Amino acid sequence: MFVVYPNPARNNITINLKNNNLQNAVITIYNVMGEELLQNSFSSSSSINLPVSGLSKGVYFVAVQTEEKRSAKKIIIE
């Protein structure tokens with residue numbers, strides 16, 4: 001459903017939604033304990049750049065919720 005890069009990341013991540021726009025999408029970053037750390041809503045775009053420099057080094061999950069579906073990917077912050 002989406003691609004997230006770079007992975008591992010340091011300062012920013014870019015999220016590209018495949019074959020669709022991020023129409024009314026909600027992007028959430030969770031830690032491995034399932035705690036919500038960041039959440040952003042977007043009305044329309046095919047690519048989003050999110051700052052992650054405020055997150056500690058470690059493993060996180062990026063979830064993208066659109067009107068059609070929800071998908072998540074693992075990312076590593078260095």
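Keep in mind the model is a prediction, meaning the values are calculated, not measured. We count residues from 1, following the sequence as given.
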Any side-chain heavy-atom pair of [X] and [Y] under 4.5 Å:
X     : Y     : result
Asn7  : Ile13 : no
Leu38 : Leu50 : no
Ser47 : Thr14 : yes
Ile77 : Tyr60 : yes

>> If the condition is side-chain contact (heavy atoms from CB on, under 4.5 Å), which residues does Ala63 pass it with, not counting sequence neighbours?
In response: Tyr30, Arg70, Ala72
> What pairs with Lys69 under side-chain contact (heavy atoms from CB on, under 4.5 Å), at least two apart in sequence or on another chain?
Replying inline: Met1, Thr66
>> Assess, by modelled atom type and distance only, whether the side chains of Thr28 and Gln39 contain a donor and an acceptor separated by less than 3.5 Å.
In response: yes
Judged by atom type as modelled, is there a donor-acceptor pair below 3.5 Å linking the side chain of [X] to the main-chain atoms of [Y]?
X     : Y     : result
Asn11 : Pro51 : no
Lys73 : Phe2  : yes
Asn49 : Ile15 : no

> Can you get from Ile48 to Leu37 by hopping between Ile, Leu, Val, Met, Phe, Trp and Tyr side chains that sit under 4.5 Å apart?
Replying inline: yes
>> Using the rule that Ile, Leu, Val, Met, Phe, Trp and Tyr join whenever any side-chain heavy atoms are under 4.5 Å apart, tell me whether Ile29 and Phe61 fall into a single cluster.
In response: no
>> Does anything in residues 3-17 form a salt bridge (Lys or Arg N to Asp or Glu O under 4.0 Å)? List the pairs, not counting sequence neighbours.
In response: Arg10-Glu78
> Looking at CG of Leu55 and CD1 of Ile76, how far apart are the two atoms once the value is rounded to the nearest 0.5 Å?
Replying inline: 13.5 Å
> At what distance, to the nearest 0.5 angstrom, does CD of Glu36 lie from CG of Asn31?
Replying inline: 10.5 Å
